[in-house]
Amino acid sequence: MTIRLYDTSARQIRDFTPLTPGCVSIYLCGATVQAAPHIGHIRSGLNFDIMRRWFEYRGYDVTFVRNVTDIDDKIIAKAADQGRPWWSIGYENERAFNSGYDALGCLPPTYEPRATGHVPEMIEMMRGLIERGHAYEADGSVYFDVRSFPGYLELSNQDIDDLRQPAEDGITGKRDPRDFAMWKATKPGEPDWETPWGRGRPGWHLECSAMAHKYLGPAFDIHGGGLDLIFPHHENEIAQAKAFGDTFARYWVHNAWVTMSGEKMSKSLGNSVLVSEMVKNWRPIVLRYYLGTPHYRSMIEYSEESLREAESAFARIEGFVQRATEKAGAPVAPAAEVPPAFAEAMDDDLGVPHALAIIHTTVRQGNSALAADDKDEAIARLAEVRAMLGVLGLDPLDPHWAEESGGGEELHGVVDTLVRLVLQQRESARERKDWATADAIRDQLNQSGLAVEDGPDGPRWTLGNR
């Protein structure tokens, strides 16, 4: 068994070999908490949640760090516009991100450090870089000298002479316009911290280099994030960390975006879909299926039609799980191992689409077994399906999803009693051969969001598609 991953730095799929046998260390660039999350933000956390789950299934002990950037220009600007403390905006949106991760079934990280809690580590890194000649102070700010680091831009494969760093308002004293700010000198009304070079606040790139060093050490296995972070963020992280003396990340893994009309989903473009609003209209497990089942390196073009297709596809899986569980008459535990073809797909750069095809094939086999009243075969397929869904975080019988409707067993029992009364009326109409009335009852139930299926043991109902 060898897991293989596409490494952005190598521009190819590589066999994964951990630094420490049996252990995997992952650093994921998490939320910048200047606003509530849209589904594009959450996709990254979800993709790496699936990666983590697969490593754990394969027997690795995973240390998963997902940071929070709780201070940056946009947070400060919003605080000024709204007349609120900067930290209240950051904390409010941090909670919104965590609610989104929780709603979509992401496992909590091993560590979730905030940038503002690691200023001492940033000062230590800046001091070391200045001593080594890779950084310098000017007008109270500290800059990284990009030409001092020969490997700069190898990740993004750019030419330094053609480089234009993103503009940094109010920045003065740079020796080269390509140099980037590690620490920004204090400005009136902005939060600041004391350093040997004066009061100021962190630069975005320095935060992650310092936190990765603290929690994962000078070398770790995988650094992850969205494609948009390759430059300048990840490129600048590498420069800082390696110039400081760290080996830093050995594999770089990047997920693609969620787009609308071909553009990356973002608040600045006004094309974002907030997670808090989406979960009001769609079941969170369906959203996880929609965002998590395309390959992590493939763009997702958002549309309600594609969401409805995802809902229908997941309903076919969930329907089999429910029917097979009822047929078993007792809970059926997930199989100890997933089918070999599923494992092969996941080992090959987390090939979730191919793995999902194995799930649907197994569901069809299970449905055939149910139709043939082959209880043992149906139970065997159910165990396999639950094992595979568990790896993807999509097992509808997992306690996390069993409670997602918020109604619990008590509400389900009330609804079941009412629906069965209506189904008895339908059965009476069928016995009278009043097919029009029977069909009308079924159609009304479908319109209310309930699907009715006729089987050898009588009619049964489930939550249907919208």
Side-chain angles (χ1 to χ4, degrees), residues 29-38 41 66-100 112-127 129-130 135-146 164-211 214 228-229 232-233 236-237 240 266-270 272 274 276:
C29 283
T32 298
V33 288
Q34 50 96 4
H38 56 64
H41 292 130
R66 185 183 67 210
N67 78 294
V68 176
T69 298
D70 60 341
I71 185 71
D72 84 331
D73 294 343
K74 292 180 180 178
I75 294 172
I76 293 171
K78 287 199 171 187
D81 290 343
Q82 299 177 18
R84 297 171 57 191
W86 62 271
W87 45 262
S88 70
I89 291 176
Y91 185 58
E92 175 184 283
N93 291 313
E94 181 182 339
R95 292 174 63 189
F97 267 87
N98 283 330
S99 294
E112 192 168 26
R114 295 189 185 102
T116 55
H118 297 79
V119 171
E121 289 82 1
M122 298 180 208
I123 292 174
E124 178 186 358
M125 183 165 280
M126 285 189 288
R127 182 182 287 114
L129 289 169
I130 290 173
Y136 57 93
E137 181 272 338
D139 300 329
S141 295
V142 178
Y143 301 103
F144 187 90
D145 180 354
V146 297
R164 290 185 179 181
Q165 282 276 11
E168 296 175 293
D169 293 339
I171 295 298
T172 61
K174 283 188 179 183
R175 296 175 182 171
D176 186 311
R178 300 168 185 82
D179 295 347
F180 60 87
M182 302 173 66
W183 190 262
K184 299 183 179 183
T186 188
K187 295 179 184 178
E190 289 190 354
D192 57 17
W193 289 261
E194 185 63 58
T195 76
W197 312 282
R199 299 192 66 84
R201 61 182 176 88
W204 176 30
H205 316 301
L206 177 63
E207 299 168 356
C208 284
S209 297
M211 288 187 286
K214 178 178 178 65
D228 53 318
L229 299 181
H233 186 49
N236 292 352
E237 277 189 69
Q240 292 164 151
S266 69
K267 286 191 169 54
S268 61
L269 293 174
S272 59
L274 294 181
S276 58

- Note on the structure: Here the gap from Phe180 atom CZ to Asp145 atom CG, rounded to the nearest 0.5 Å, amounts to 10.0 Å
- Task: Can you sort out the partners of Asp139 under salt bridge (charged side-chain N to carboxylate O under 4.0 Å, His left out), two or more places apart, ordered by chain and number?
- Result: none
- Results of salt bridge (charged side-chain N to carboxylate O under 4.0 Å, His left out) for Arg84 - residues two or more places apart only: Glu92
- Query: Which distance, rounded to the nearest 0.5 Å, do you find between the NZ of Lys214 and the CD of Glu124?
  - Reply: 9.5 Å
- Message: If I compare all heavy atoms of Asn67 with all of Cys29, which pair ends up nearest, and what's the gap?
- Response: OD1-CA, 3.3 Å
- Message: Using the side-chain hydrogen bond (donor to acceptor under 3.5 Å, both in side chains) criterion, which residues pair with Arg199? Sequence neighbours excluded.
- Response: Asp192, Glu194
- Item | Ile75 side, atom CD1; Tyr91 side, atom OH - distance, nearest 0.5 Å | 14.5 Å
- Task: Determine yes or no for a side-chain-to-main-chain donor-acceptor pair under 3.5 angstrom, with Asn93 supplying the side chain and Ala96 the backbone.
- Result: no
- CZ-CG distance between Arg66 and Asn98, expressed to the nearest 0.5 angstrom: 6.0 Å
- Task: Could you tell me whether the side chain of Glu94 and the main chain of Asp70 form a donor-acceptor pair under 3.5 Å?
- Result: no
- Note: Ala210 and Met122 closest approach over all heavy atoms is CB-CG, 3.8 Å
- Task: Just jot down the ring-ring contact (aromatic ring centres under 6.0 Å, His included) partners of Trp204, sequence neighbours excluded, or say none.
- Result: His233
- Query: Atom CD of Glu207 and atom CD of Glu121: how far apart are they, to the nearest 0.5 Å?
  - Reply: 12.0 Å
- Do the side chains of Ile76 and Lys187 get nearer than 4.5 Å, heavy atoms only? no
- When you measure from the side chain of Lys174 to the backbone N and O of Tyr143, does any donor-acceptor pair fall under 3.5 Å? no
- Task: Using the six-membered ring wherever Trp is involved, compare the ring planes of Trp183 and Trp193 and label them parallel, tilted or perpendicular (cut-offs 30° and 60°).
- Result: perpendicular
- Please report the closest heavy-atom contact between Ile71 and Pro191, naming both atoms and the distance. CD1-CG, 3.5 Å
- Quick one: ring-ring contact (aromatic ring centres under 6.0 Å, His included) partners of His118, sequence neighbours excluded? Tyr215
- Derivation and outcome, salt bridge (charged side-chain N to carboxylate O under 4.0 Å, His left out), residues Asp176 and Arg178: CA-CA 5 Å; Asp176 186 311; Arg178 300 168 185 82; 3.2 Å; yes
- Residues which pass salt bridge (charged side-chain N to carboxylate O under 4.0 Å, His left out) with Arg201, listed by chain and number, not counting sequence neighbours: Asp73, Glu190
- Taking atom OG of Ser141 and atom NZ of Lys184, what is their separation to the nearest 0.5 Å? 8.5 Å
- Please lay out, stage by stage, how Met182 and Leu129 fare under the test side-chain contact (heavy atoms from CB on, under 4.5 Å). CA-CA 10 Å; Met182 302 173 66; Leu129 289 169; 3.2 Å; yes
- Item | Any donor-acceptor N/O pair, His38 side chain to His41 backbone, under 3.5 Å | yes
- Note on the structure: Looking only at heavy atoms, the pair that brings Gln34 and Ile89 closest together is O-CG2, 4.3 Å
- Asp179 to Val146 - nearest heavy-atom pair and separation: OD1-N, 3.1 Å
- Smallest separation among heavy atoms of Trp197 and Arg127, with atom names: CH2-N, 3.8 Å
